Amino acid sequence: MAPNFNTSDSLYDFVVKNGNGVKGLIDSGLSEVPERYIQPEEERIKKVKTKRHDVSPIDLSKLRGPDHKKVLDEIVRAAETLGFFQVVNHGIPLELLESLKDSAHRFFNLSPEEKSLFYPGVSPSTKVKYGTSFAPEKEKALEWKDYISMGYTDDHDALQYWPNECKEVALDYLKLSSTMVRDIVEILIENLGVRVEESRIEGIIGMKMVNMNYYPLCPNPDLTVGVGRHSDMGTITVLLQDGIGGLYVKLDDHNNNHNDVEWLEVPPIPGALVINIGDTIKILSNGKYKSAEHRVRTTSTESRVSIPVFIFPKPTEKIGPLEELVKKEGVARYREVMFQDYMNNFFANAHHGKKSLEFAK
Ligand code: OGA
Ligand code: NI
């Protein structure tokens with residue numbers, strides 16, 4: 001029997017406060033999208049004006065071989081144009097990618113009571129958080145998504161405080177992706193033609209977090225969003241998506257030569273990982289690299305999972321266009337901000353496209 005939500009408040013309490021999440025709504029037998037989830041016309045994700053991003057993934061194993069320069073150019077080019085690319089031979093075993101998706105399903109299949117043990121305030125660690133939507137108290141229309149967020153401090157804390165259903169695989173994923181992350185960030189920064197100290201790189205990639213996103217099947221994907229349009233605030237994001245699809249990247253005026261196409265779908269490629277550039281790299285590069293706006297469409301047939309590793313600067317790191325670059329270019333397109341402040345501003349607002357970047361203007 002579907003619970004009767006007479007008021008928007010009772011629905012909000014059920015989903016947001018009582019640990020049921022969107023998954024609880026669907027499990028309760030709900031067959032229509034509740035009012036609270038209906039997006040305004042301009043935010044709905046239509047399939048017209050979209051196209052698959054059909055380019056081959058970048059083979060990272062070739063970074064250490066004769067094709068080094070070619071691979072490097074591919075990475076730089078993708079970061080300058082779309083801000084998104086896919087990689088294979090990334091050093092993460094394919095079995096681990098499968099286990100990650102399985103473990104995400106295991107976690108979200110727990111009861112609402114078990115999942116709510118990771119609510120802020122009761123979670124055994126402030127770095128571990130189960131939630132729904134993005135900023136529910138700020139959003140007019142909620143996002144059709146539940147998540148668990150696991151901030152990394154050290155291995156001991158991860159194994160102690162992250163959920164049993166996924167802690168080992170999530171930790172392996174985070175650690176095994178770190179070589180690739182460093183390679184990519186170093187390549188991007190070196191390509192700017194400025195010298196950056198090793199310790200600065202450490203600061204720029206100094207904070208890491210693994211999320212598991214769960215997008216329950218949705219009775220009407222035309223009315224909802226899984227994630228509303230946003231750019232990621234950090235340095236780079238490594239994303240594992242399952243085979244369902246629905247991730248769209250916005251083309252800006254400069255790279256839009258597909259005529260009527262506004263959004264490109266980043267198609268699932270078995271064994272590949274999606275890499276995208278965050279606001280931090282955009283700011284450091286004085287605007288050269290793109291932190292593309294993206295969003296997720298829901299699906300009516302199956303639940304989708306995705307598992308991002310977010311790489312952020314250390315909270316105390318000062319983020320601004322690299323000094324040498326500003327000297328060369330004669331203009332600073334962003335002001336310097338402390339990453340902690342940038343992050344606080346990001347989380348204080350609902351997802352709203354590229355508005356997050358205005359904080360550094
Ligand atoms: C995110 C995000 C995309 C996806 O979590 O920031 O953009 O495919 N996720 O789930
Ligand atoms: Ni994102």
Side-chain angles (χ1 to χ4, degrees), residues 21-23 43 45 50 52-53 79 82-87 97 100-101 104-105 107-108 129-136 139 142-151 170 173-174 177 181 207-218 221 224-250 263-270 272-282 289-299 302-312 342-343 346-347 349-357:
V22 187
K23 180 164 193 305
E43 295 300 331
I45 306 180
T50 70
R52 270 170 61 101
H53 185 47
L82 192 61
F84 265 76
F85 54 97
Q86 303 210 52
V87 295
L97 302 186
L100 277 161
K101 291 179 270 183
H105 282 283
F107 176 78
F108 290 99
K129 179 181 172 204
Y130 162 65
T132 186
S133 195
F134 173 70
E139 294 158 346
L142 299 173
E143 299 184 346
W144 196 265
K145 173 189 100 165
D146 302 330
Y147 68 91
I148 174 95
S149 178
M150 298 168 276
Y173 178 43
L174 184 137
S177 59
V181 163
M207 182 166 61
K208 294 182 175 153
M209 184 165 103
V210 185
N211 275 26
M212 293 192 162
N213 296 321
Y214 187 86
Y215 304 93
L217 59 86
C218 176
T224 53
V225 301
V227 182
R229 54 200 183 85
H230 69 284
S231 52
D232 293 354
M233 64 173 175
T235 310
I236 63 171
T237 304
V238 176
L239 180 103
L240 169 65
Q241 61 171 334
D242 65 17
I244 290 166
L247 171 60
Y248 291 88
V249 183
K250 189 158 201 297
W263 295 82
L264 284 184
E265 179 168 17
V266 181
I269 299 177
L273 291 164
V274 178
I275 308 287
N276 66 288
I277 307 301
D279 293 346
T280 297
I281 290 271
K282 169 142 181 145
Y289 297 125
K290 296 277 161 64
S291 63
E293 199 172 322
H294 53 285
R295 61 186 186 180
V296 173
R297 187 178 148 89
T298 59
T299 311
E302 263 180 286
S303 304
R304 172 177 184 266
V305 294
S306 74
I307 303 147
V309 181
F310 293 107
I311 313 299
F312 304 118
Y342 194 83
M343 188 160 55
F346 190 88
F347 282 118
N349 295 288
H351 278 146
H352 195 352
K354 309 252 342 155
K355 206 153 184 268
S356 51
L357 267 166

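Just so you know, ligand 1 is whichever comes first in the structure, and atom 1 is the first atom listed for that ligand. Just so we're clear, the structure is a prediction, and the values are computed from it rather than from any experiment.
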message: Rounded to the nearest 0.5 Å, what separates atom NZ in Lys145 from atom OG1 in Thr132?
response: 8.5 Å
task: Assess the side chains of Ser291 and Lys354: does a donor N or O sit below 3.5 Å from an acceptor N or O?
output: yes
query: Which value, rounded to the nearest 0.5 Å, describes the distance between Asp242 atom CG and Arg304 atom CZ?
result: 6.0 Å
- prompt: Which one of Trp144, Tyr147, Phe108 satisfies the ring pair (Phe, Tyr, Trp, His ring centres under 6.0 Å) criterion with Tyr214?
  reply: Phe108
- line: The protein heavy atom nearest to atom 9 (N) of ligand 1 is Tyr215 OH, 3.8 Å
task: Could you tell me whether Arg295 approaches ligand 1 through its side chain, its backbone, both or neither, with non-hydrogen atoms closer than 4.0 Å?
output: neither
message: Taking a cutoff of less than 4.0 Å between a non-hydrogen atom of the residue and any ligand atom, is Asn211 in contact with ligand 1?
response: no
field: Within-2.8 Å protein N/O/S contacts of the Ni ion (ligand 2)
entry: His230 NE2, Asp232 OD1, His294 NE2
- line: Here the pair of heavy atoms bringing Ser303 nearest to Ile244 is O-CD1, 3.0 Å
query: Atom OG1 in Thr298, atom CD in Glu143: separation rounded to 0.5 Å?
result: 11.5 Å
query: Under 3.5 Å, side chain of Glu265 to main-chain N/O of Gly246, donor-acceptor pair present?
result: yes
- prompt: Is Lys145 near ligand 1, meaning one of its heavy atoms is under 4.0 Å from it?
  reply: no
field: Audit row: His294, His230, side chain to side chain donor-acceptor pair (under 3.5 Å) steps and yes/no
entry: CA-CA 6 Å; His294 53 285; His230 69 284; 3.0 Å; yes
- request: Check each atom of ligand 1 against the heavy atoms of Val296 and keep those under 4.0 Å away; list them by number with element.
  value: 3 (C), 4 (C), 8 (O), 10 (O)
Whether Gln241 lies under 4.0 Å from ligand 1, heavy atom: no
field: atom 6 (O) of ligand 1: nearest protein contact (heavy atom, Å)
entry: His230 NE2, 3.1 Å
statement: So for Thr237 against ligand 1, with non-hydrogen atoms under 4.0 Å, the contacting part is neither
message: Let me confirm one number: the CG-OG distance from Asp279 to Ser356, rounded to the nearest 0.5 Å.
response: 4.0 Å
- request: Pull out every atom of ligand 1 sitting under 4.0 Å from any heavy atom of Phe310, numbered as shown with elements.
  value: 1 (C), 5 (O), 6 (O)
- request: With the side chain counted from C-beta on, respond yes when Glu302 and Leu217 share a heavy-atom pair under 4.5 Å apart, and no when they do not.
  value: no
task: Compute the minimum heavy-atom distance from Asn213 to ligand 1 and say whether it is under 4.0 Å.
output: yes
Within reach of ligand 1, part of Arg304 (heavy-atom separation under 4.0 Å): side chain
task: Return the orientation label for the Phe107 and Tyr130 ring planes: parallel under 30°, perpendicular over 60°, tilted otherwise.
output: perpendicular
